[in-house]
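Have a look at the structure below, then the notes.
Quick caveat: nothing in here was measured; it's all calculated off a predicted structure.
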Amino acid sequence: MSALLFFSGPAMSVTSPPLVAGGVESEVQRIRALLKQRHFAGAVDAAAALRGAYPENRDVLYLLALGLRHAHRTADALATLQELERHHPGWSLLYQERGHCYVVLKDAPRAIEAYERAVQINPALPATWSLLEGLYKIVGNEQQRQLAAAHAKKLQSTPPEVVAATALFCDGELTAAEKQIRAFLLRHGNHVEAMRLLARIGVAREVLDDAEVLLAAALEMAPDYIELRRDYACVLLDRHKHAEAIEQLDRLLKLDPKNIDYRTLHATATVGLGDHEGGIRGFTGVLADTSPRSRLAADLHLSIGHSLKTLGRRTPAIEAYKLAIAARPKFGDAYWSLANLKTYTFSDAEIAQLEASEADPSTDELDRYHLCFALGKAHEDRADYARSFRYYERGNALKRAASRYRAELVEQNTARQKQVCTREFFRERAGYGAASREPILILGLPRAGSTLLEQILASHSEVEGTQELANVPRVVLDLQGYDPDLDNPRYPGCLEAMTAEEFRALGEKYLADTRIYRGGKPRFIDKMPNNFRHIGLIHLMLPNARIIDARREPMACCFGNLKQLYARGQEFAYSVDDIARYYRTYLELMEHWDTVLPGRVLRVHYEDVVEDLEGSVRRLLEFCELPFERACLEYHRTARSIRTASSEQVRQPIFREGLDQWRHYEPWLGPLREALGDALVRYRLKESR
């Protein structure tokens, strides 16, 4: 072993990201100053005293460990890092410091393990890569030494400001990273690595349109930058631009045909286009080249299960989900996927495993809230409604805590829609848009019966069922513009300045972009529920499209959302207050559309469909100008892909028992009833057609 490496030890660094509370900040800065002055004993005493007041503070624990190491108290430093890991397990500098401790102890294998964990979280640690290069040389791992050297060299050639901002980003300090990288770009102009980082920050903040623009521009500057093209493909996937994503992934696969990551993303994009058989083949091929007990194997089994479920192949879907759990025993999403079939019953042993995993302190929050929702369904199936409600309530609280949802933004949008989209506004724009009669848009709230209406209409020989298409929301994002101000957005006010030609072009683009999801039938369904917020825009783009509002009694609909965990979006569904406000806003906006566009929307109540299926079917078909076909009454016999949570339910004949399932939970739903207020009556007062 190199004496230089192990006895001199790594250089001291006290430049950790500033995660400090107001009352502790000045003390943390004082401790950093003591460390820089090499007053290690004083730094340790100050940090230890501060730890008593702030026992979970990240910087306090880190600086204490650093001081202990430099005071030659390595065992105490490692114990402090263990405590730090308990509170902040995803922070790279904790593992870097642990590696430094093992370097002092001349324990190369453990130092390598710690440093590898650090750079796995945060690849922008130049000193750690250099130390790894030396350690790999010591243990004789030439391949890893070369990789570490390449990383170190790349970071050395990258501007220090970009490296520092990247490190902040990787450790979750998005605001600080964004501030630093924007300042760099203002000073230096376009820089590929800086643009890539700003795009990654945009993805983390779910500002996907900005990220797409940045990555496309960076690729123009550096078309051979493979990691950049991969980032671009991922953003296209996130924006549901599956065909464009496949184009980028095909280019990457030409360079590296066996790359597991590219193949997995390609299969994901294939599923996004509705080709679930092709997606299953792709995922299965990757699975054959993957360790059977790896995290990736679990994810692949889950993806295969989702596609099998969509195709209506329930038994193999269940087997795929169970294989995912076998590969990763606390895999919350796999357990929730079994529950979300709505027809699967957990065994006693499975419930015991679920409860043990949920109670395990080491279970991460993502798995935990998935497990809570699965347990809510498991106990609901056993009629233990009190225990079921406790798990639904806990799962919602955990999910809501991780959300950035702001109910006031939806309410502000509703107010602006009413202000802009008046009866006179539409009268002045009569005849705008593309003339096609092909689209049928089913919208409203989730869990309101929209999948049932879609299945009924998709059973007609002239109608194509597609999926919840993201095309209208994408138009809205484009209209909001680059770097939108969420508190003062351009949309819908920008509609006032748009020309007839612009609305026609938007309609034609919608028709062209959705064609990839269609077969050869003359009509097709777009079942994105949130499109109710954009009926004014839809009317101006597609004045002859049929629009159907799927509505359900508010207590049943809102509680149906509270016990549903969505794969993405629908962030309003995780608290009583949020879902009640959203439902009331939905009623307010639909009443507005009824007033300014009378007769434009057909309202269909789920309860009416259950009570009078044939009458409701005839009414639907008449509104869509379709001849009656008996297959629409026997919708459950129609074989097609269904991606929503109701997929298994609409493959069965209609049943009344689902109408009042929420009443089992009535003892705990007083706050929901109170929050809904007059919506409990108002939802039936005004009807279209």
Side-chain angles (χ1 to χ4, degrees), residues 340 342 410 414 440-458 465 467-469 472 525-535 538 546-567 569-574 576 578-591 593-594 601-613 616-617 619-620 623 635 642-650 654-663 665 669 672-673 675-676 679-689:
N340 202 31
K342 311 299 184 187
V410 176
T414 298
I440 301 171
L441 292 101
I442 302 176
L443 41 74
L445 263 70
R447 313 305 298 152
S450 58
T451 304
L452 175 59
L453 300 187
E454 178 194 36
Q455 182 75 352
I456 288 169
L457 287 172
Q467 59 192 51
E468 294 181 356
L469 302 176
V472 171
I525 301 168
D526 178 345
K527 199 188 76 68
M528 176 62 75
N530 311 73
N531 282 343
F532 78 85
R533 293 170 57 190
H534 312 298
I535 287 176
I538 293 166
R546 302 287 90 183
I547 303 174
I548 299 165
D549 172 23
R551 184 169 296 185
R552 190 174 184 182
E553 188 275 326
M555 289 294 290
C557 183
C558 290
F559 184 63
N561 277 280
L562 286 169
K563 65 176 190 168
Q564 182 66 43
L565 179 57
Y566 295 96
Q570 318 303 9
E571 294 294 311
F572 57 83
Y574 301 110
V576 165
D578 288 342
I579 185 60
R581 289 174 69 174
Y582 195 83
Y583 193 99
R584 291 174 64 84
T585 303
Y586 152 74
L587 289 186
E588 179 185 354
L589 191 52
M590 292 309 301
E591 288 169 2
W593 300 131
D594 289 347
V601 178
L602 175 71
R603 182 149 305 113
V604 180
H605 288 270
Y606 176 75
E607 297 81 9
D608 294 346
V609 180
V610 173
E611 295 292 346
D612 180 14
L613 177 60
S616 299
V617 168
R619 184 166 171 256
L620 272 169
F623 178 75
Y635 62 86
I642 307 171
R643 301 184 68 163
T644 62
S646 303
S647 60
E648 295 304 302
Q649 292 164 306
V650 300
I654 207 161
F655 64 103
R656 296 193 77 264
E657 288 76 7
L659 290 177
D660 296 322
Q661 284 181 340
W662 69 272
R663 292 193 180 277
Y665 298 86
L669 295 181
L672 176 60
R673 183 181 291 278
L676 284 166
L680 295 166
V681 177
R682 207 172 93 218
Y683 84 102
R684 273 281 192 178
L685 289 182
K686 295 186 178 182
E687 306 290 354
S688 292
R689 283 180 63 95

Minimum heavy-atom distance [X]-[Y], with the two atoms named:
| X | Y | answer |
| --- | --- | --- |
| V601 | I548 | CG1-C, 4.5 Å |
| Y574 | E571 | CD1-O, 3.7 Å |
| G449 | Y606 | CA-CD1, 3.9 Å |
| F572 | D578 | O-CB, 3.3 Å |
| P446 | N561 | O-ND2, 2.9 Å |
| W662 | M555 | CZ3-CE, 3.5 Å |

**Request:** Give the C-alpha distance, both sets of side-chain angles, the deciding distance and a yes or no for side chain to side chain contact (heavy atoms under 4.5 Å, CB included) between R682 and E588.
**Result:** CA-CA 10 Å; R682 207 172 93 218; E588 179 185 354; 4.1 Å; yes
Are the side chains of [X] and [Y] in touch, meaning some heavy atoms are under 4.5 Å apart?
| X | Y | value |
| --- | --- | --- |
| V610 | E607 | no |
| L602 | I547 | no |
| L443 | P529 | no |
| M590 | Y586 | yes |
| L445 | R552 | no |

**Prompt:** Can R603 and D594 be counted as an ion pair, charged N to O under 4.0 angstrom?
**Reply:** yes
**E553 bridged to R684 by N-O distance under 4.0 Å** = no
**Request:** Using the side chain to side chain contact (heavy atoms under 4.5 Å, CB included) rule, pick out the option among L441, L457, L453 that qualifies with I525.
**Result:** L457
**Ring-face cation of R551 near Y683 (centre distance under 6.0 Å, axis angle within 45°)** = no
**Request:** Before giving the answer on side chain to side chain contact (heavy atoms under 4.5 Å, CB included), spell out for V576 and L669 the whole-Å C-alpha distance, their side-chain angles and the decisive distance to 0.1 Å.
**Result:** CA-CA 9 Å; V576 165; L669 295 181; 5.8 Å; no
**Asked** Do N530 and Q570 have side-chain atoms, one donor and one acceptor, less than 3.5 Å apart?
**Response** yes
**Message:** For a quick check under 3.5 Å, do D526 and Q467 share a side-chain donor-acceptor pair by atom type?
**Reply:** no
**Asked** Would L469 and M528 count as a side chain to side chain contact (heavy atoms under 4.5 Å, CB included) if you check the C-alpha gap in whole Å, the side-chain angles of each, and the deciding distance to 0.1 Å?
**Response** CA-CA 6 Å; L469 302 176; M528 176 62 75; 5.6 Å; no
Look up atom [atom1] in [X] and atom [atom2] in [Y], then write down how far apart they are to the nearest 0.5 Å.
| X | Y | atom1 | atom2 | value |
| --- | --- | --- | --- | --- |
| D549 | I442 | CG | CD1 | 11.0 Å |
| N531 | E468 | CG | CD | 9.5 Å |
| I440 | R546 | CD1 | CZ | 9.0 Å |
| Y566 | N340 | OH | CG | 9.5 Å |
| L680 | R584 | CG | CZ | 9.0 Å |
| I538 | R533 | CD1 | CZ | 12.0 Å |

**Message:** Assess the residue pair K563 and Q661 against the criterion (side chain to side chain contact (heavy atoms under 4.5 Å, CB included)); give the C-alpha distance rounded to whole Å, side-chain angles, the decisive distance to 0.1 Å, and a yes or no.
**Reply:** CA-CA 12 Å; K563 65 176 190 168; Q661 284 181 340; 4.2 Å; yes
